[in-house]
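Let me begin by presenting the structure, written as structure tokens, before commenting on it.
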There are 2 protein chains.
Amino acid sequence: MRTFETVLAQIEQRIAADGLTVGDRLPGERQLAEQLGVGRSSVREALRVLETLGVVSSQVGRGPDAGAVLISRPDGTLADLLRLNLGLATMSAREVLDTRLMIERWSAARVTSAPAAMTEALAAMDAAGSPEEFVTHDIAFHVALTDAAGNRLLSAVLRALRDALVSNAVEAVRRLGHTGDLQADHRRIHAAIEAGDAAEAVAAVTAHLARAYPGLSLTQNVF
Amino acid sequence: MRTFETVLAQIEQRIAADGLTVGDRLPGERQLAEQLGVGRSSVREALRVLETLGVVSSQVGRGPDAGAVLISRPDGTLADLLRLNLGLATMSAREVLDTRLMIERWSAARVTSAPAAMTEALAAMDAAGSPEEFVTHDIAFHVALTDAAGNRLLSAVLRALRDALVSNAVEAVRRLGHTGDLQADHRRIHAAIEAGDAAEAVAAVTAHLARAYPGLSLTQNVF
DNA sequence: AGACCAAATATGGTCAGACCATACACCTTT
DNA sequence: AAAGGTGTATGGTCTGACCATATTTGGTCT
């Protein structure tokens, strides 16, 4: 086993043993290297892995906020994962879109009150001056819906999906040429959620994604 | 921006520009460092990130298979991501289980013919001598079901979920004390799929997870 | 006493060079 | 032709040095 992997295991074990949590600091790289009897480069490679996984963040300088701090931000990792694997064609856009549809239907069925962020995104989309700007707020709308469903894992996955699909989304908006239909869909989703009509909310989400991405597998109504 | 991040960007850009795909080799660390005008340690940190994301694998030695090779294995990354974030309490077991239920219901609704791996796992569970062994084949059963649905992203997520929940699963089996009911559930799922009855397959999966993990949010039948 | 400024210091970031273990390539010997 | 030894390119690791950054410290001026 490589040295940095043992360092990784020991750091993870220490996090569990000491009950470290978000916000706590790890020892400095030099100190950690000495404690574990390894070189600083091995410690750095282990920290790089943890940073990639979104559990530590390193700050330079001196003081209470410097050094490696425990965080928990899986979003970026998931987005990188999807982007790179899409680039290597291990996953198809179709699979990503099916997954997105599944998550949004699941969320739409569970959210009973539209959060303020959804309403704000709706207005921002009305005021958008470019496809890029529209898509930015469109993402915010859908992320707000999923966040409201209360499953942080699914929220993280959806954010990653949207990050990986931003270019597709901009292209889809350009292809449509206008955003009126999309906004009508958004308002239908919003209204259904405010009305507490889960079935209608699911149908509205499904119709919306079908419009944006023709060819999606929407025939299955039973989950 | 840190040096290794620019290296990362340039490697990714080169993958896209040269149309590199799974199986292709990257230049050696020393050569890459010289080409990019950076130190070898920066190249190594970038490669470590790519390895963590499951797109590169490094082999020592010499020959056609040595060096950094492009792969595409997101499973391990996802598993690490979930495990570490569960450890930091950013995600709850409940959220993970809800996600698993969603994926398995989605899969059960779409698979119309049980793959051989499901049948084999069924027999292996009958022959299992310990909870650990039972869970191993139980995982294989559920993974086979999801794989058959044909969405590699969801398959990867499910594998990661199961890896993160192995200890919970073993505990659940121990709590039940016997595996007869679980096997009956599995056979019900298997039969529904073979019969092409999507609604029954979904109901069977739902009942199965409800038995294994009491307290799951199973009341929502509408997606 | 307070405010301000400069030096000291601790931190991560990077580089260079060296050495090791590994695994194949190549040549020599039989 | 087969067998074995040597060479070599590869990743893995360590050491030591230096840099950039940001806080801490301590002194100085008002």
Side-chain angles (χ1 to χ4, degrees), chain A residues 1-12 14-15 20 22-73 76-77 80, chain B residues 1-12 14-15 20 22-73 76-77 80:
Chain A
M1 179 178 275
R2 294 177 287 187
T3 304
F4 83 88
E5 291 175 312
T6 71
V7 173
L8 212 41
Q10 293 191 260
I11 292 177
E12 188 176 346
R14 174 179 300 201
I15 290 174
L20 299 183
V22 172
D24 290 338
R25 280 181 58 188
L26 260 40
E29 295 180 357
R30 293 166 179 84
Q31 187 179 344
L32 215 40
E34 191 186 7
Q35 287 178 9
L36 302 178
V38 301
R40 192 182 156 205
S41 53
S42 294
V43 170
R44 280 185 61 81
E45 293 196 15
L47 290 174
R48 196 62 64 226
V49 171
L50 292 176
E51 183 181 316
T52 304
L53 291 171
V55 295
V56 306
S57 169
S58 295
Q59 281 84 32
V60 300
R62 180 177 168 161
D65 290 344
V69 179
L70 285 180
I71 60 175
S72 184
R73 303 196 54 83
T77 305
D80 291 342
Chain B
M1 182 179 275
R2 294 177 287 187
T3 304
F4 84 88
E5 289 175 312
T6 73
V7 173
L8 211 43
Q10 292 191 259
I11 291 178
E12 187 176 345
R14 174 178 300 201
I15 290 174
L20 299 183
V22 172
D24 291 337
R25 281 180 58 187
L26 260 41
E29 295 179 355
R30 293 168 179 85
Q31 187 179 345
L32 217 40
E34 192 185 4
Q35 286 179 8
L36 302 178
V38 302
R40 193 181 155 206
S41 54
S42 294
V43 170
R44 281 185 62 79
E45 294 196 15
L47 289 175
R48 195 63 63 226
V49 170
L50 292 175
E51 184 181 315
T52 303
L53 291 172
V55 294
V56 151
S57 169
S58 295
Q59 281 84 31
V60 300
R62 182 178 166 157
D65 290 344
V69 179
L70 286 180
I71 59 176
S72 184
R73 302 194 51 82
T77 305
D80 290 342

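The model shown is predicted, which means the values in this text are computed figures rather than measured ones. Every chain is numbered from 1, with letters handed out A, B, ... down the list of sequences.
A side chain to side chain contact (heavy atoms under 4.5 Å, CB included) with B:Val49 is found for one member of B:Val7, B:Val55, B:Leu8 and no other, namely B:Leu8.
Taking every side-chain heavy atom of A:Glu29 into account, C:dG12 is the closest of C:dG12, D:dT10, C:dA10. In the set C:dC19, C:dA25, C:dA8, the nucleotide with an atom closest to the side chain of B:Arg30 is C:dC19. The nucleotide whose nearest atom lies closest to any side-chain atom of B:Arg62 is, among C:dG13, D:dG12, D:dT8, D:dT8.
Look at CG on A:Asp65: it is 13 Å from P on C:dG12, rounded to the nearest Å. Between A:Gln59 atom CD and C:dG12 atom P the separation is 10 Å, expressed in whole Å. If you take CZ of A:Arg2 and P of D:dT10, they are 18 Å apart, rounded to a whole angstrom. Atom CZ of B:Arg25 is separated from atom P of C:dC24 by 12 Å (rounded to the nearest Å).
Taking the charged nitrogens against the carboxylate oxygens, B:Arg48 and B:Glu51 do have a contact shorter than 4.0 Å, which makes a salt bridge.
Backbone-only engagement by B:Gly63 is indicated by non-hydrogen atom pairs under 4.0 Å involving sugar-phosphate atoms exclusively.
Contacts of residues 31-52 of chain B with DNA chain C (heavy atom under 4.0 Å): B:Val38, B:Gly39, B:Arg40, B:Ser41, B:Ser42.
Across B:Leu70 and B:Leu20, no two heavy atoms sit closer than the pair CD1-CB, 3.6 Å. What you find for B:Val56 and B:Ala68 is that their closest heavy atoms are CG1-CB, 4.1 Å.
For CD of B:Glu5, the number of neighbouring non-hydrogen atoms (other residues, nucleotides, ligands) closer than 6.0 Å is greater than 12.
The structure places CG of B:Leu32 at 6.0 Å from CZ of B:Arg14, a figure rounded to the nearest 0.5 Å.
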